[in-house]
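Let me begin by presenting the structure, written as structure tokens, before commenting on it.
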Amino acid sequence: MAVGARDFIDKLLVEKYAQEKVDNHDENAYVSKVSANDMLRAMDATSNHYKTMLELNKRLTMVCYGVVSKSAKYVQTETA
């Protein structure tokens, strides 16, 4: 199995870009644009909001169960 251009267009592209330099690494490419402390603070805030939301959801679920159970009307049916 050969690797390379298979048709005329591929051959032309290989010829065109064979001499192009693609080594465009510079020192700025390795430096993060976002501060690590800022990212950690944002992650902490997000996790705190999510934990608060889960706690409120749990409390709301319990309140809803209480309301439903207090408003239920129990009807006695015939016993055999």
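Counting from 1, the numbers follow the sequence of the chain as shown.
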* In the hydrophobic clustering that connects Ile, Leu, Val, Met, Phe, Trp and Tyr at side-chain heavy-atom distances below 4.5 Å, which members other than I9 occupy its cluster, ordered by chain and number? ->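 Its cluster mates, by chain and number, are L13, Y17.
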Taking ILVMFWY side chains as joined if any heavy atoms are under 4.5 angstrom apart, and letting links pass through other members, which residues group with L60?
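Other cluster members: none.
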Enter the distance from [X]:[atom1] to [Y]:[atom2] here, rounded to the nearest 0.5 Å.
X	Y	atom1	atom2	value
L12	D7	CG	CG	9.0 Å
D44	H49	CG	NE2	9.5 Å
R59	E55	CZ	CD	6.5 Å

#### Entry: Shared hydrophobic cluster for M43 and V34 (ILVMFWY, side-chain gaps under 4.5 Å)
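Shared cluster, yes.
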Check your understanding: Residues in salt bridge (Lys or Arg N to Asp or Glu O under 4.0 Å) with D38, at least two apart?
Key ->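 Scan of D38 (salt bridge (Lys or Arg N to Asp or Glu O under 4.0 Å), adjacent residues dropped) gives R41.
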Expected list for residues 62-73: side-chain donor-acceptor pairs under 3.5 angstrom, two or more places apart:
residue	atom	partner	partner atom	Å
S69	OG	Y65	O	3.2
S69	OG	G66	O	3.0
S71	OG	V67	O	3.0
S71	OG	V68	O	3.3

Margin query: Please enumerate all residues that pass side-chain contact (heavy atoms from CB on, under 4.5 Å) together with Q76, with sequence neighbours excluded.
Written below: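 Counting only residues at least two positions away or on another chain, Q76 forms no side-chain contact (heavy atoms from CB on, under 4.5 Å).
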